[in-house]
Amino acid sequence: MGKKIVDFLWGSTQRKIWTSLIVILMLASLVTKLVLPVPPPHVALSGEPIFSTGPQWFTNSVLTTIIVDIILLLLALLTRFGLKEVPSGLQNVMEAVVEALYGLAESVAGKNAAKFFPWVATIFLFVIVSNWSGLIPGVGSIGFYHPTEAHSEEAPAGESHGALLDGQLAMVGGSIILAAPENAQHAPVAAESEHGKFVPLFRAPSADLNVTFALAIATMVMVQIWGVRHLGGAYFRKFFNWSGPNAFMKGINAFVGILELISEFARIIAFGFRLFGNIFAGEIVLATMAFLFAFLLPIPFYALEVFVGFVQALVFMMLALVFFQMSTISHGSHDEHH
Amino acid sequence: MDALGIEWTLLLAQIVNFAILIVLLRMFLYQPVLNMLNARKERIAQSMKDAERVSAAAREAEQDKAKVLEQARREAQEIRAQATRDAEKIAQDVRGRAEQEATDIRMKSQADAAKQVELALADANKQIADLAILATEKLLGRELANKAEQQRFVAEFLAEPGSKGK
């Protein structure tokens, strides 16, 4: 048994290299923690303006949204202008992605797939790139220190929970901002007063409620538009329906209509918070793990977050697709998709 | 709303951003790629159809070839059979004619021989008759006065039973 373990860890040259590397990283984590204390992770619920004196709307998530747009458009343009009958490289990947998404759209929406496809495919691509953008080292960890005074002026409403949420630093690559003061861990508040509030330069767009709610609202508005386009005015009978054989059924139908109306709004909220919650929570998990033990420990969580990012993009897309499709079907039996 | 960081301007900006992204991606990614995929699908279907047709043509050509070969073989056989038959007939003809000729020659030669024998016999008879007359003349010492009488007499003699005749 003991020999087996020794063999496993120290059997070959390769094994020796890996084992030493792992041990060194673990020791480095400990040393980092003891000698160069990492401040607890910076947690902010919303995107923050990058420049304390600059425009308020220019938050870190807006910047990252623009970067995500640029990435997507670059991919699209590279694919578009390198399009060949015999595909290779990038074109293969993009064709596979587009075809898979189109297949999915077709499996749900059938003949409506061509109409819904640009919407759901854009949702998927934008959301997945946004989700994964938060996993790039440096996103959330590279940033500026804003003077505290400016901060308190900027967001007085945030101050109430600021003691809990704001004013701390270091996300995933906690070691990257080891420039943080040594006493930061012991006295984060002091650090804040000394250096001001830390504001990361980048923030995953899907970890900003503005983005997720924008997608949710756009989706649900489109659901109404598809519904009207397919069913005309009859679409609204779903919400305002007081037909029935007797007064009791009329009442029931009217009540169901009200529920339908509420559920449309509930869907917006569910859409918005589902994506935001998953991605934001994932970032906090990664930051916390990095804070606890800088090396190795975050790796499995990274894998998990890559998966979560994909799944959330898929979920958002599939739900949008299903809602689009449902809106085109005339009123019958409805089942909730939450 | 403020606590959650939701701002209407940012929300609106993100919606506009999303809409622009849809338009641009549709223009530069979805439509070209889907068109390309469809074009390729059609092309593959077309080339498969072509291949099908070519192989069908090849199969047909193979069948034609077999048919032609079969036909040629049958004709050759027929020709051979015909030739054999003709040859046999010719041989038979030749043989028949040869036989005929042989028979003719034989008959003719027989006839010739018979005639010669007859002539020889007649000649012999005449000589014998002459000799006999001569002998008789000598014997009788006189010559039959009447030449005709003499000849008749010899003929009678020769025609008598027991004498040698034809």
Side-chain angles (χ1 to χ4, degrees), chain A residues 44-48 56-59 61-62 65-66 68-69 72-73 75-81 83-87 91 94-95 97-99 101-102 114 117-119 121-123 125-126 155-158 160-161 165 205 208-215 217-219 221-222 272-273 276, chain B residues 1-70:
Chain A
L45 200 56
S46 60
E48 298 138 302
Q56 284 301 294
W57 58 266
F58 196 62
T59 59
S61 51
V62 167
T65 305
I66 292 167
V68 168
D69 288 353
L72 282 173
L73 288 176
L75 281 176
L77 289 174
L78 283 176
T79 312
R80 171 68 186 86
F81 293 109
L83 215 56
K84 292 187 297 285
E85 182 80 16
V86 180
Q91 194 187 340
M94 296 314 280
E95 276 184 6
V97 170
V98 170
E99 199 169 27
L101 292 179
Y102 195 81
F117 177 69
W119 291 87
T122 308
I123 288 174
L125 291 175
F126 179 74
S160 54
H161 58 94
L165 291 175
D208 185 330
L209 278 170
N210 289 310
V211 178
T212 60
F213 269 98
L215 290 177
I217 290 168
T219 304
V221 167
M222 277 320 288
F273 277 114
F276 168 78
Chain B
M1 284 302 194
D2 256 6
L4 291 172
I6 295 175
E7 280 174 47
W8 296 112
T9 49
L10 282 179
L11 196 64
L12 214 64
Q14 291 288 356
I15 291 175
V16 171
N17 172 65
F18 180 60
I20 292 170
L21 205 58
I22 287 175
V23 172
L24 289 179
L25 285 184
R26 188 191 157 101
M27 197 189 298
F28 290 119
L29 187 64
Y30 308 143
Q31 279 181 345
V33 169
L34 285 176
N35 285 345
M36 175 59 77
L37 286 172
N38 279 335
R40 194 177 305 135
K41 201 191 283 171
E42 266 164 35
R43 212 172 131 165
I44 289 171
Q46 184 64 41
S47 48
M48 279 182 87
K49 218 187 287 169
D50 284 356
E52 188 73 23
R53 214 171 45 220
V54 166
S55 74
R59 223 168 20 242
E60 209 167 294
E62 190 74 21
Q63 275 170 1
D64 276 4
K65 196 176 110 187
K67 216 185 285 172
V68 166
L69 266 177
E70 180 60 29

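Here is the naming used below: chain letters follow the sequence lines, and residue numbers restart at 1 for every chain. In what follows, every heavy atom counts, from backbone to side chain, and hydrogens, waters and symmetry copies are set aside.
In this structure, no portion of A/F58 lies under 4.5 Å from any heavy atom of chain B. Neither the backbone nor the side chain of A/P205 comes within contact range of chain B; no heavy atoms are under 4.5 Å apart. Residue contact with chain B, scored on non-hydrogen atoms closer than 4.5 Å, involves the side chain of A/I217 exclusively.
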Steps toward side-chain contact (heavy atoms from CB on, under 4.5 Å) verdict (B/L29, A/L125):
CA-CA 11 Å; B/L29 187 64; A/L125 291 175; 3.9 Å; yes
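Interface check for chain A: of the options B/V23, B/N17, B/L12, B/L24, the most heavy-atom pairs under 4.5 Å are formed by B/N17. Taking chain B as the reference chain and counting heavy-atom pairs below 4.5 Å, the highest number among A/L83, A/I66, A/V62 is found for A/L83. Note: A/L73 leads A/T212, A/L73, A/V86 in heavy-atom pairs under 4.5 Å with chain B.
Against chain A, the residues from residues 31-41 of chain B that qualify, each with a non-hydrogen atom under 4.5 angstrom away, are B/P32, B/V33, B/L34, B/M36, B/L37, B/R40 in number order.
A/T122 and B/L25 make their closest contact through CG2-CD1, 3.9 Å (heavy atoms, listed as atom of the first residue, atom of the second, distance). Shown here for A/T59 and B/L10, the closest heavy-atom pair between the two residues is CG2-CD1, 4.2 Å.
Side-chain contact between B/F18 and A/I123 is present, with at least one heavy-atom pair separated by less than 4.5 Å.
Summarising the geometry, atom CZ belonging to A/F213 is positioned 5.0 Å from atom CD1 belonging to B/I6; distances are rounded to the nearest 0.5 Å. Residue A/L209 holds its CG atom at 12.0 Å from CD of B/E7, rounded to the nearest 0.5 Å. Separating the CG atom in A/L215 from the CD atom in B/Q14 is a distance of 7.5 Å, to the nearest 0.5 Å.
More than 12 heavy atoms of other residues, nucleotides or ligands shown are found within 6.0 angstrom of CD on B/E70.
Distance alone, capped at 3.5 Å, places no donor-acceptor pair between the A/Y102 side chain and the B/Y30 backbone.
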